[in-house]
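A short worksheet on the structure shown next.
The sequence lines fix the lettering, A, B, ..., with proteins before strands; numbering per chain opens at 1.
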Number of protein chains: 2
Amino acid sequence: MYDARIMPKPAPKKHLSAKEGESAGGRVTVSIHDVASAARVSIATVSRVINNPHLVSARTAARVQEVIRKTGYAPNPFAQGLITRSSRVLGIALPDIHGEFYSELLRGADAEARSLGYHLLVSSEPRREDRGPANGSLAFGLIDGIAVMITDAASNLLKEAKGSLLPTVVLDTDLHAKGVDSLVVDNAGGTREGVNHLLASVPASSLYFVGGPEENFDAQQRASAFRAAVAASGWKPRADQVSFGDYTSEWGERWAEEHLKATGKGVFGVLAGNDEIAIGVMQAASQAGVRIPDQLRLVGFDDTRLATLIRPRLSTVRVPMAEVGAASIRLLVRRIEDREAEITCVHLPTSLVVRESSVPRA
Amino acid sequence: MYDARIMPKPAPKKHLSAKEGESAGGRVTVSIHDVASAARVSIATVSRVINNPHLVSARTAARVQEVIRKTGYAPNPFAQGLITRSSRVLGIALPDIHGEFYSELLRGADAEARSLGYHLLVSSEPRREDRGPANGSLAFGLIDGIAVMITDAASNLLKEAKGSLLPTVVLDTDLHAKGVDSLVVDNAGGTREGVNHLLASVPASSLYFVGGPEENFDAQQRASAFRAAVAASGWKPRADQVSFGDYTSEWGERWAEEHLKATGKGVFGVLAGNDEIAIGVMQAASQAGVRIPDQLRLVGFDDTRLATLIRPRLSTVRVPMAEVGAASIRLLVRRIEDREAEITCVHLPTSLVVRESSVPRA
DNA sequence: CATTATGCTGAAAGCGTTTACAATCCGCAA
DNA sequence: TTGCGGATTGTAAACGCTTTCAGCATAATG
C-alpha cells in the first residue's frame, strides 16, 4: 500500500525559484510550482483551481487565487500545449489580395477569434516567385486549425493545409464536396442583381462585364453569372460582352478606352469585376466625354470605401468582407471543437447598393 | 563510475507508436522517438541532426535525414518552446486604424517576419467599449516579442506589453528615451516639404492644415510641423489655419464647406492630415465651384491608392507603410536576438509626391 | 607503448503543465 | 465497531524536445 508519510520526501530538488527570499534579481517567470508552494498545496491543486475549480474546496481555491493574483502567475502555453495538444491559436493564410479586402477580412476574423478565445496567426501567401521549396510557411504544429483563402487553382496552400491534417476551412471556394468546410460569397446572386438592375435601363445587348483575372475563381463565377443573367433576359451574350483582365483601375481604363470608341451613341452598361476596375472605366469615360450615368451606367463589385468617395458615387455589389473573416473563424472553431461536425458550406449573401453611377437622372 | 552496460535498460516503456507495425489507423504525429528508432540512433542524435548537424557524422546524419523525409517528421513546437523558451512567433498589436494603412503595414511586417524565419500573431486592439478587464488580449507567453502601434496616449497596449517583460518595439511614437525601441515616420519632414511646396504658389496666410483627431500623435506632429514650417516662412500662423477633426472624408468636406465661404477670391492652399480628408475637401470644393488646382492647391498625406484614383490626382506626402511594418519587425528581431542591443529609434523618411492637385496649370 | 585529444554517440535530466490514480478525512449507515 | 462513499488533496507519469555529461572508439602525440 502506498503511504505518503512513510516515503521520505524525494528531496526538495529544483525550483529554487522565487519561493524562498531569493530577492536577488533576475527571476522572470513564475511557475505553477511557485504558486503551489506559496499557497501550500500541490501543483495538481493549482492546476485544478484554474481548469476545474469545482474540484477544489472554496477555502483552498481562494488561497490559491490570491497567490495567483499576487504573483501574476500565468500558465506556460508551451507546457499546456504539449499536454493538451492545443494552443488556441488559429492560422489564417491569405493570398496577396487587394488592400481593403485584406484588412476588412482580417479585422472580422480577428474580432471573431478574440471573442471565441482564440488568437490569430496570419500568413500571406508569398508571391509566386519567392516561394522557397519546403518553406513550410504555415506554423503547423503550433496552431489548432487553419483558414485558407483560395483564389485560384494554382494555389498550393490548400494542399499544404490538408497535408497538415489540421482542421481546415477554405474561403472563397466551395470544397465541401471534397470534405472541407467552405465559406463562399454569393457572387452569382450579386452579379444577377447587378445585371437585372442595369437591364432596367440598358438593353441586354449593350451590357458588358469587365472582370478580373481569368484564373481567379471569383472572376470566373461573376463572369458566368453575368452570362447567365443576360441570357435569362432573352439575349444570348456576344463573346465581346465579357472580358478578363486584372483587378486594377488601369485595366478598367484600358478596357474603356477601347470600347468607348466602338460603342455608338446609345446608352450602355458596365458591370465591373471590382470597384477599382469600375473607377478605371469611370475615368476613361470622363476623359472621353462619356457622361455617367447618362450614357454609361456603371456598377462595381465589393463596395469598398472607394465607391462612396468617387463622384458620381458608385453603385456596387456589396461583399461583406468582415463577415467573411468572422464566419470562417466560426466555422473553423466549430470544426476544432467538434471534429465530427458535418462538413458544411456557408453561403454569405451579397447585395446591390444603388448609388448615382447606375441610375438615369430624373 | 557510470557504465551504461551494467544498468538494465529501464524497460522499453511508452512510445508504442508507429515503430512496430501498428498498422491500425489513427497515428497522427510522428515524434522524435519514432525517427530515432527507425534510424537506429538515440533521440539526442536526431535532435542534433536538426539543430547541430556538424556534431553528427555524415553517414548517420544521412540516415536520419532520410527517415525524417520519409516520415514527414517535424519537431513539436510546444516541446521546443518549453525548453528553448522561444517560439519564433512575433506579436503585432494594432489599434483600429484605417484600412489601407493597416493592410500595407501588415503585409510589410509579414513578409519581413517570414524572411527572418518568424511567424506573425496579430491582434487588433479591441475598440474601447468592448475591452474586457484582464482580457489579456495578447498571447504573452507564446510569443517571443511584440510590436505595438501606439497612436494616442489613451492606449494601454504599451503598458500591457511592458508588463509582459517581453522584447517590445513601439511604432509611431518615440519612446527610446524611456528604454523602448521605437520606430517613427518623419511626419515633420513630410509636412515641411508639403508646406514649402504649397508656399511656392500660395501665400503663407492662405495656407490651412486640416488634421486628424487632436489626441492622435501623428495629427499632433503634423500640426505642429505645419505651424513651424509656416512660421519659418516669416508668417505667424493664425489659430484658424490649423484644425483638428478625424481621418474621414466627411470631416474634410465639413471643413471645406465652412471655409470655402469665408475665403475670398484669392488662391489658397490646404495640407490635409491624410488622403481621405483631402478627398473630402476636394469634393466640397468641386461642389462649391472652387477649381483645383486653380483656386485651391491641395496636398494629402499617406499616399494611399486613393490619391492616384481621384481626379485631379492628389499630391500627397508619401508614408512608406509597408516599410514601417518591415522595419519594426527587423528592430524587434534584433532586440530578441540581442537583448543587450542599444535602444534605438529608427526614423523612416517621408517624401512629397507631386501630382496635379497642387500645381498651377501651365 | 602509454597517454591525450578528438569525434561521435547515448543516457538522462529537466522544461511546466494536466490528469489518472491513490490516499486521506469525514459523515453516516449497518 | 466497521465499512462505504463522497469530497478533497497529493503523487507521479506522461507530453516531446534540448542539452549536459559521460562513454568509447580512434587518431594524434610524447
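Partners of A:Glu112 according to the side-chain hydrogen bond (donor to acceptor under 3.5 Å, both in side chains) rule, which considers only residues two or more places apart in sequence or in another chain, are A:Arg330. Judged as a salt bridge (charged side-chain N to carboxylate O under 4.0 Å, His left out), and not counting sequence neighbours, the contacts of B:Arg69 are B:Glu66.
Two residues are said to be in side-chain contact when any heavy atoms from C-beta on lie closer than 4.5 Å; B:Val170 and B:Thr173 meet this criterion.
Among the heavy atoms of the strands lying under 4.0 Å from A:Ser47 is at least one base atom, whether or not backbone atoms are also near. If you check every strand for non-hydrogen atoms under 4.0 Å, A:Arg85 touches sugar and phosphate atoms only.
Between A:His54 atom NE2 and D:dA7 atom P there is a gap of 10 Å when expressed in whole angstrom units.
Atom NE2 in A:His119 sits 8.0 Å away from atom CZ in A:Arg114 (nearest 0.5 Å). To the nearest 0.5 Å, atom CG of residue A:Leu332 and atom CD1 of residue A:Ile146 are 8.5 Å apart. Between the CZ atom of A:Phe78 and the CG atom of A:Leu142 there is a distance of 7.5 Å, given to the nearest 0.5 Å.
For the segment residues 63-75 of chain A, the set of residues with a heavy atom within less than 4.0 Å of an atom of DNA chain D is empty.
Comparing D:dC17, C:dC15, D:dG10 against the side chain of B:Ala79 picks out D:dC17 as the nearest. Ranking D:dT8, C:dG16, D:dT19 by closeness to the A:Ser57 side chain, first place goes to D:dT8.
Sequence order on DNA chain C of the closest nucleotides to B:Leu55 and B:Ile83 puts B:Leu55 first from the 5' end.
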